[in-house]
Every structure is written in C-alpha cells, then in structure tokens.
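By convention in this document, chain letters (A, B, ...) are assigned in the order of the sequence lines, proteins followed by strands, and residues within each chain are numbered from 1. All values reported here derive from a predicted model rather than from experimental measurement.
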Amino acid sequence: MKKLALVVAASLLAFSCTKKANDNEILIGSYSSNTGSTATFGVYQLRGTEMAVNEINAAGGINGKKIKLINYDNKSDSDETLAVVNRLITQDKVVAILGEATSGRSKIGAQVAQQNKVPMLTSSATNPDVTKVGNFIFRACFIDPFQGLVMAKFMTETLKVKKAAIMRDIKSDYSVGLSDNFAAKLKELGGEIVADVSYQEGDIDFKSQLTSLKGKNPDVIFIPGYYGEVALVAKQLKELGMKQPMLGGDGWSSPDLFKIAKEAINGHYFSNHYTTESKDPKTMKFVQEFKTKFNETPDVMAALAYDATYMMAEAIKNTKAVTSENIREELSKIKDFHGVTGKMSMDANRDAVKSAVVVKVEGEEYKLVTEISPN
Amino acid sequence: MNKLTKASLFLLGFIVLGLILNYFLNSYIHAILISFMINAVMALSLNFITGLADQFSLGHAGLMAVGAYTSAIISKELLSDQWYFIPLTVVAAGFASAVLGFLVSLPSFKLKGDYLAIVTLGMAEIVRVLILNWNHVGGPRGYNAIVKFPGFLWSYSFGLLVLTITFVTFFRLKKSWFGRNLWALNEDDIAAEVMGLDLVKAKRSAFIISSFFAGVGGGVYAHHLGYISPGSFSFLISVQILIMAVLGGLGSMSGSILAAFILTILPELLRSLPTGTVDIRMIVYPVILICMMIVRPQGLLGRLELIEYFRMKKWIKS
Amino acid sequence: MEEFFQHTLNGLSFGSIYALVALGYTMVYGILGMINFAHSEIYMMGAFMCYYFALFMGFSAPSPINFTLGLLAASLAAGMIGYLVEKFAYKPLRNSPKMNSLITAIGVSILFQFGGQIIFGANPKSFPTLIEDKNLFEIAGSQIHLIDLLIYGVSALALVGLHFVIYRTQTGRAMRAVSTRSDMTPLMGIDNNKIISMTFIVGSVLAGIAAVLVSIKYPKIDPMMGSKIGMSAFVAAVFGGIGSLHGAIIGGLLLGVGEYYLIGYGASTYRDALSFSVLIFILLFKPTGLFGSKMKEKI
C-alpha cells in the first residue's frame with residue numbers, strides 16, 4: 001500500500017515541475033494532429049510551422065530573442081486536445097498558441113486559451129464559431145461563408161451557369177459547413193441546387209452517387225472535400241462519361257491530388273489561397289524551400305501554418321513587452337500582412353480578410369482563373 | 001475503527017487532496033484528473049459486463065455517446081445552460097444509455113461470446129452514424145458550447161462523487177448474490193442454469209446497469225470538454241476503455257481504477273520523452289495489450305480487489 | 001433501368017472484393033473460432049508491399065507483366081505477414097479463452113494501423129497503374145472497363161482455386177477436419193499447427209490479391225484503408241454464415257450490391273449503419289447467417 005502511495009505521489013510531483021522560461025526565448029505552443037485519423041493535416045501544419053520558426057530564428061529571432069516551439073500531438077482526439085492545450089498554457093507557460101487545423105478541435109483549444117487569456121491563432125479552421133469563442137482567438141484564413149460565396153459567384157458570374165449538385169463529405173465539418181454556405185449563397189444569386197448527395201472520408205467508390213447525379217443534369221458538381229476522395233471522384237466522373245466541371249474548396253490543394261487522379265482532374269476548378277504560378281517571390285521561395293526540405297510540394301495546410309507563424313512573429317515583434325495581452329492586441333491590429341498565401345488583415349471578428357483565387361487544375365499546376373476579394 | 005469510519009476517513013482524504021490540488025497545481029493537471037475519473041467510470045462499467053458477466057462489449061463508445069449527447073442536449077435546450085443542473089442531466093444521460101442497453105440486450109443474449117461483441121460493435125457504429133447525420137446536433141461539426149462546472153473544485157467533487165458511486169455500486173454488486181450469480185454463469189453457464197439461474201435475465205440486468213454508468217461517464221465527459229462530436233466516440237475509444245479494463249484485471253473493480261489512473265497519467269508523463277513529432281503511444285498501447293494477453297492475461301490484479309491482492313501477498317509471504 | 005444496371009455492376013465488382021476478404025475472416029473463424037480483427041490490416045499491408053515493390057522495381061509503364069508481378073508480390077507479402085502474426089500473436093493464446101485472442105487481434109490491428117502511419121506516412125499515396133485501364137465495351141449504357149473484368153476474373157479464379165484446394169486436396173480436407181474437430185485431428189496424423197498456419201496464409205493471400213485489384217481501380221492507398229473494407233467484409237462473412245466458404249462469397253456479393261443500391265438510391269451516409277443493421281437483423285433471426293451450420297453445444 002505504501003509503495004502505491006509513493007508512486008502516486010511521485011507522479012503527481014513529477015507533473016508539478018514546471019519549466020522555467022529562459023529569458024532569451026519566446027515560448028510559443030502549437031498543437032496538431034500528427035497521428036490518427038487526420039494525421040495528414042497535422043503533419044503538414046507542423047512542417048509549415050517548424051519551417052517558419054527555423055527561418056525566423058536563423059534570421060536572428062524576434063527582436064533578438066529566439067522562438068522556442070513546443071508542439072504536442074493530439075492524436076486527432078478531442079480529449080487529448082484539451083489536455084495538450086492545458087499543458088501548453090499551464091505547464092509550459094507559452095505566451096501564445098498556434099493551431100489547430102480542424103474547426104472542431106480548434107473550438108476545444110480556443111475555450112481553454114480564452115479562459116486563460118492566451119492568444120490563439122488557428123491557421124486553417126474555417127468554421128465561424130471558432131473565433132466567436134472570445135477575443136483571444138484569431139484566425140489566419142478565410143471562413144466558410146466567404147469560400148462558399150466565392151464558388152457561388154464564380155459559378156454564376158464566370159461560368160455563367162445556374163444548376164449545381166452538391167457532393168459533401170459527411171464526416172468533415174469543413175465540408176458540411178462549406179456545402180451549406182455555398183448552397184445558401186447560390187440561392188441568393190439566383191442559382192439552384194438540383195441534388196445534394198454525400199460520401200464519407202475514406203470511401204473509394206463514388207459511382208453510385210455520381211450515377212444518381214447524372215440523371216439530375218447539373219451544370220456543375222460542387223464537391224468541397226479533401227483531395228484524397230476528390231481525386232477518386234474525378235477519375236470516376238470521367239469513367240462514367242460525365243462532362244460537368246467539378247468545383248471545390250481549398251481542401252483540394254495538395255500535390256497528391258494530381259498524383260492520384262492524373263489527367264482526370266484537369267479542367268476542374270477550386271478556390272484556394274494561392275496559385276502555384278504565383279509570381280510572388282515570397283510564395284515561390286516558400287514552395288522551393290519546402291520542396292528541398294521535405295521532397296514534396298507543400299499543401300495548403302503547410303502554407304497557412306507557415307503564414308500563421310510569421311503573422312504571430314510579426315505581432316510579437318510589435319509588442320513593447322512580450323506578454324499574452326500585448327500579443328493579443330497586436331494580432332488584432334494586423335493590417336496588410338503579406339504572406340505566401342496572399343495579403344491579409346484582421347477584421348473586427350478576428351478573422352483574416354483576404355482574397356481567394358479560383359484556380360483551374362492543369363497537371364501539377366493551378367492556373368489562375370479569377371480572384372475574388374471579400375468586398 | 002469500523003468500516004464506516006475507515007471509508008469516511010478515506011473519502012475525507014480525497015476531499016482534502018482535492019483542496020490541495022486546486023490551490024497548488026495547475027489546470028493542466030486538473031483536466032487530467034477529471035479525465036482519469038471519466039476513464040475510470042468507463043472502465044468500471046466495461047469491466048462489470050465483460051469481466052464479471054463475461055459478455056464482451058465492444059460498443060461502450062456508443063453508450064458513452066448516447067450519454068454525452070443526451071446530457072448536452074438536455075442541458076442546452078431544456079435547462080438553458082445552467083451548470084447546477086449538470087448532475088441532473090448526467091443522471092438522465094445514464095438512463096438514456098440504460099434504455100439503449102436494454103434494447104441491445106433484448107435480442108442479443110441468445111447469442112454467445114463473439115456474437116455479442118459484434119452486435120455491440122454494430123450498435124456503437126450505428127449510433128455514431130445516426131449522430132453524424134443528425135443536423136440538429138451539428139452532425140460532424142459537433143455540439144458546441146456545452147456548459148461546464150464553474151471551477152475545478154466543483155468538477156473535481158462531482159467527478160469524485162460519480163466515481164465513488166460507480167465504484168461502490170459495482171463493488172457491492174460484485175460481492176452480492178447478483179455478482180455471485182454472474183460469476184457462476186461466467187464459470188459454467190450450463191451448470192448454473194441447471195441450478196435454476198435465469199441466464200438471460202441476469203446478463204440483461206448486468207448489461208443495463210453497465211450501460212447506465214457508461215452513459216453517466218459520457219455525460220460527465222460532455223460537461224468536461226464542452227464540445228462533443230461523433231469523432232470522439234469511435235471504435236478506438238471502445239478499445240481504449242477495453243485496454244484499461246483488461247490491464248486492471250477483468251473482474252477487479254479497483255483494478256479498473258488503477259489501470260485508468262496508469263493509462264491516463266502515464267501518457268502525459270511520456271509526453272516529455274524526446275521522440276520528436278512521432279507519437280508512439282498508439283504503438284505502445286497495443287504492444288502492452290498483446291504482451292499482456294500472452295504473458296499475464298489476468299492483468300494486474302486478476303479478479304481480486306486491491307485489498308484482497310495485498311492480503312494475499314501478505315499471506316503468501318508468511 | 002440503366003442506373004439500376006450500373007449500380008448492380010458496381011455492387012458486384014465491390015462485392016467480389018468483399019468476398020475475397022470475407023473468406024479470410026471466415027476461414028480463420030472456422031478453424032480457430034476467433035475473429036481475426038487484424039485481417040483488414042493484412043489487406044492494407046498487401047497494398048503497401050505491392051506499392052513499395054513497384055517502386056523498387058521501377059515500374060514505369062503499365063503492362064500485364066507488372067500486373068502479375070505486383071499480384072505475386074502482394075500475395076507473398078500478405079501471406080507471410082499473416083503467417084507471422086499467427087505465429088507470434090495468436091498461437092500462444094490458442095488454449096486461452098476466446099476473448100483473449102479477440103483482444104490480441106484488436107491490438108495487432110491497431111498496431112499495424114498506427115505503425116503504418118508512422119512508417120509509411122499518414123498521407124494517401126498514389127498506387128502505380130500496373131495495368132492499363134481500357135474502356136472495353138458498353139452494355140445497356142454502362143461502360144465496362146478492363147479493370148472491372150480483371151476484378152471479376154481474378155476473384156473468380158481465386159475462388160475456384162480455393163474451392164479446389166479445400167474440397168479436392170488432402171490439405172483442404174485436413175483444413176476442414178481441423179475446423180470440425182481439432183482435438184481429434186492429431187490422432188489422424190494431421191499437424192494442427194501446420195494446417196492452421198496454412199489457413200492463415202491462404203486467407204491473407206486472398207486479401208493481398210483483393211488489395212492490389214482495388215488499388216489499381218482506386219489508386220489511393222493509406223494505412224487506414226483496411227478498416228472500412230474490413231468492417232464490411234466482416235459483416236459479409238457473418239451475414240453469409242461465419243465458417244462457411246460459400247456463405248462468405250454469397251454474403252460478400254449480396255452486401256456489395258445492397259450497399260450500392262442504398263447509396264445510389266439516396267441514403268449514402270447511412271451506409272455503415274446499413275451493414276451493421278443487416279448484421280444485427282441476421283444475427284437475431286438466423287444467428288448462423290445464411291449458410292452457417294448450427295453449432296451444437298456439448299454438455
């Protein structure tokens with residue numbers, strides 16, 4: 001009995017040992033899903049973040065102080081998210097947090113961050129609810145309502161068609177949110193949803209859904225899912241002899257999209273933060289360095305995380321003293337921040353206001369078709 | 001010192017511990033402790049049905065989900081987010097899960113061993129798919145802004161209360177005639193039936209009770225995280241609960257609590273290990289599970305309760 | 001009508017895959033009485049081993065030779081992994097209560113899934129086109145591709161081969177004997193261990209073949225790809241009667257077609273729920289499935 005008690009006491013004690021913050025370092029926390037069902041997001045998010053941190057530190061850090069990045073894996077699990085964000089704040093005493101990639105877990109982390117008054121910047125959670133949690137929560141990407149509007153506008157104004165069929169990923173809150181927003185905006189613009197079918201992330205055969213869509217004769221198919229499934233859908237669309245263009249969101253953006261779908265994905269469109277033919281030297285440099293370091297083209301998660309990290313660094317740089325409250329204030333003041341995914345400013349809701357580009361897939365390239373800004 | 005005094009002193013000890021923890025440790029540890037309590041409740045619930053009654057359930061995540069969503073929905077929509085109603089909603093959650101447990105047990109107890117595992121697995125998946133498609137609770141977006149207790153002392157006390165009630169219930173049941181009946185069925189169900197035991201009724205009752213507490217666990221979980229989504233109740237969660245029950249020893253109630261403690265705290269301690277970005281915990285767990293099954297399938301305590309285990313050791317030494 | 005035909009064809013194609021994988025589940029259950037949860041991961045490993053093999057051999061252009069070699073590589077790899085898993089994880093538990101084997105199987109399954117994520121990377125990979133997919137002809141508005149014919153063909157071949165082995169060879173007879181009375185078979189001069197290993201290997205080989213066929217048609221592979229197919233195939237096996245080979249095949253085909261009708265005619269997101277509901281329904285009314293035999297309990 002005594003031994004047991006000793007063990008229990010020892011472990012609790014081990015916990016309470018908090019790290020002393022080195023005065024020459026700025027502790028920034030990050031949480032991501034490096035393993036588990038959404039591991040791809042977390043891995044790329046972390047890569048983007050780490051790349052940015054290394055670059056900033058190599059260039060001398062922020063006002064002379066180096067960034068120390070503390071990242072925890074939440075295993076794509078909500079409970080873990082709660083634990084790690086708590087740990088980052090109370091144990092590791094970070095001044096700010098980066099993360100997460102998905103809206104669901106970002107909401108959980110946001111609640112903890114807000115409660116403890118630590119600023120949190122999510123790089124890719126698109127659900128409007130995340131920043132509504134409180135004034136310490138920020139977002140470095142656009143929100144679902146905007147992206148839905150972008151594609152609805154593109155469809156009616158550029159492609160000049162009216163009838164859309166929706167194919168949503170029922171397992172993804174991103175996909176469901178974007179589908180609903182698109183449907184609403186399309187109706188406002190005078191369009192019509194002729195069919196709304198669903199699939200699940202992990203599915204490989206979509207012929208049944210596509211066959212049923214064939215009969216409804218849509219002009220376009222709106223499929224705001226992730227690239228893995230989208231690639232297969234594109235292939236099967238072609239096999240069924242269907243000619244409708246597919247429209248999508250930034251979830252398509254990945255080097256694996258073309259690798260899996262091959263030519264079948266050419267000619268389809270999606271809304272993204274940047275195009276690969278962007279002549280912006282910042283973007284080109286980022287893509288190049290990422291390729292060199294990881295042997296792969298970056299995907300949107302990596303790019304957004306990279307920008308979010310730089311944005312955070314920018315905010316920290318502008319503070320007189322590095323405290324959470326000051327960082328919060330500086331983040332809310334971000335104007336015309338120039339990142340690899342475009343120019344952005346923080347609005348009053350702490351969401352990033354930035355333009356989206358609609359691109360057409362041509363092999364590994366995303367060719368610019370049009371740019372839509374939030375006004 | 002009689003038993004009651006002993007028990008009350010023990011309880012007092014925990015309360016004092018809670019007070020100390022509140023003021024001296026941080027919210028990270030608070031969250032872990034509550035997590036541990038929830039895990040312990042789930043492990044106890046699974047242990048009762050799988051360890052004692054020998055009915056393999058792979059669907060406890062589904063029961064937990066029903067409990068979590070019930071508690072959250074009632075809190076949000078009927079009781080307008082008032083935290084003092086949490087105990088009420090949690091009890092309601094238990095009843096909702098118990099109903100599900102009852103429905104599942106109705107036809108299933110004609111089935112043996114493996115079949116029940118499949119049915120419970122199926123039940124959990126069906127629950128998950130139904131919730132995923134139910135837009136009212138957000139579907140994949142999950143159900144947000146569930147009310148939490150306003151402070152650690154409250155959630156700790158409530159958690160402790162729930163855990164104590166769960167443990168005491170199962171412990172007493174185990175020692176009672178009901179528990180002994182279950183054990184008899186476990187050992188040799190044909191002989192037990194010959195002796196007049198109603199096999200189906202006993203197993204069904206056990207499953208309903210187990211489901212009730214699984215639902216309670218789910219309810220506490222919902223109010224702890226503040227956000228639930230179908231993704232939190234996957235098969236993997238059922239497996240994690242199973243690992244805890246097995247590690248502690250199938251049939252040992254205190255074993256489940258011990259295992260829950262180890263498996264909640266240990267990974268947090270391991271987090272500081274320099275394995276880089278690679279999280280090897282989901283490698284370590286299954287390896288523990290496999291090795292245990294091969295080397296020490298009775299888990300840490302086997303069928304014995306903690307006190308019995310130490311008594312036995314003492315006796316062997318003498 | 002055209003749609004119906006298309007759905008039926010899709011369903012049969014997928015159903016053949018389910019059948020191939022279901023056979024693995026049913027054979028192991030028949031002979032050991034355990035549900036091999038890790039079977040879906042052996043399927044996944046088959047696909048990955050073929051992927052790395054193709055990479056190693058530098059296959060660039062699709063050709064029938066590449067296709068055959070790929071199938072062989074996957075079969076070999078899957079068979080070996082199945083053998084090793086049985087030897088190190090299940091064999092020590094042969095005399096333990098069934099629950100223990102089940103728990104171990106779950107452990108192995110998770111180990112492979114997460115281990116795969118760490119070793120192979122969690123991102124989906126694009127599977128090489130081992131054979132050129134040609135649009136062959138059209139029936140009633142539905143296009144038939146070469147790869148579909150290959151799926152039907154290879155599956156049928158594998159099933160005929162299996163049938164031959166089980167019912168017309170000495171080894172097959174031994175397998176059937178061990179699955180009926182494993183306590184008596186040693187008296188007949190049969191080495192139980194060898195037969196059990198054989199069963200695992202055969203089941204795993206079938207899964208490996210299925211994995212390659214699927215990955216050519218749907219060229220996306222990732223470490224979690226086994227779980228979806230595995231669940232459905234498992235349901236098919238129980239549906240058809242676990243322990244019965246014919247049951248696994250019929251169950252697989254029926255489940256495949258059924259799922260596709262469900263998706264095609266509306267309720268696509270309930271697909272998982274469908275397979276389990278069917279399963280529970282069957283277990284309630286005919287627990288031994290379509291073709292299973294009633295297990296008599298000895299007192």
Report which part of [X] has an atom under 4.5 Å of a heavy atom belonging to chain C: side chain, backbone, both, or neither.
{"X": "A/E239", "answer": "both"}
{"X": "A/Y44", "answer": "side chain"}
{"X": "A/Y227", "answer": "side chain"}
{"X": "A/K207", "answer": "both"}
{"X": "A/L232", "answer": "side chain"}
{"X": "A/K171", "answer": "neither"}

Any [X] side-chain heavy atom under 4.5 Å of [Y] side chain:
{"X": "A/K235", "Y": "C/P219", "value": "yes"}
{"X": "A/E229", "Y": "C/K220", "value": "yes"}
{"X": "A/D205", "Y": "C/Y260", "value": "yes"}
{"X": "C/M225", "Y": "A/I204", "value": "no"}
{"X": "A/Q236", "Y": "C/Y218", "value": "yes"}

More than 12 non-hydrogen atoms from neighbouring residues, nucleotides or ligands closer than 6.0 Å to [atom1] on [X], yes or no?
{"X": "C/F281", "atom1": "CZ", "value": "no"}
{"X": "C/I65", "atom1": "CD1", "value": "no"}
{"X": "A/K291", "atom1": "NZ", "value": "no"}

Exercise for the section: Kindly compute the distance separating CG (C/N123) from CG (A/D299), expressed to the nearest 0.5 Å. Expected result: 8.0 Å
Practice task
Hey, could you give me the NZ/CD distance between C/K228 and A/E201, rounded to the nearest 0.5 Å?
Solution key: 7.5 Å
Fill in the blank from the handout: Nearest heavy-atom contact between C/A122 and A/T40 is O-CG2, 3.5 Å
Problem - Which atom of C/N10 lies closest to which atom of A/S208, heavy atoms considered - result: ND2-N, 4.1 Å
Exercise for the section: Could you check which of C/F14, C/F114, C/F127 has the highest count of heavy-atom pairs closer than 4.5 Å to chain A? Expected result: C/F14
Practice task
Return the option, out of A/S212, A/A195, A/G202, with the maximum number of heavy-atom pairs under 4.5 Å with chain C.
Solution key: A/S212
Exercise for the section: Name the region of C/S227, side chain, backbone, both or neither, that has any atom closer than 4.5 Å to a heavy atom of chain A. Expected result: neither
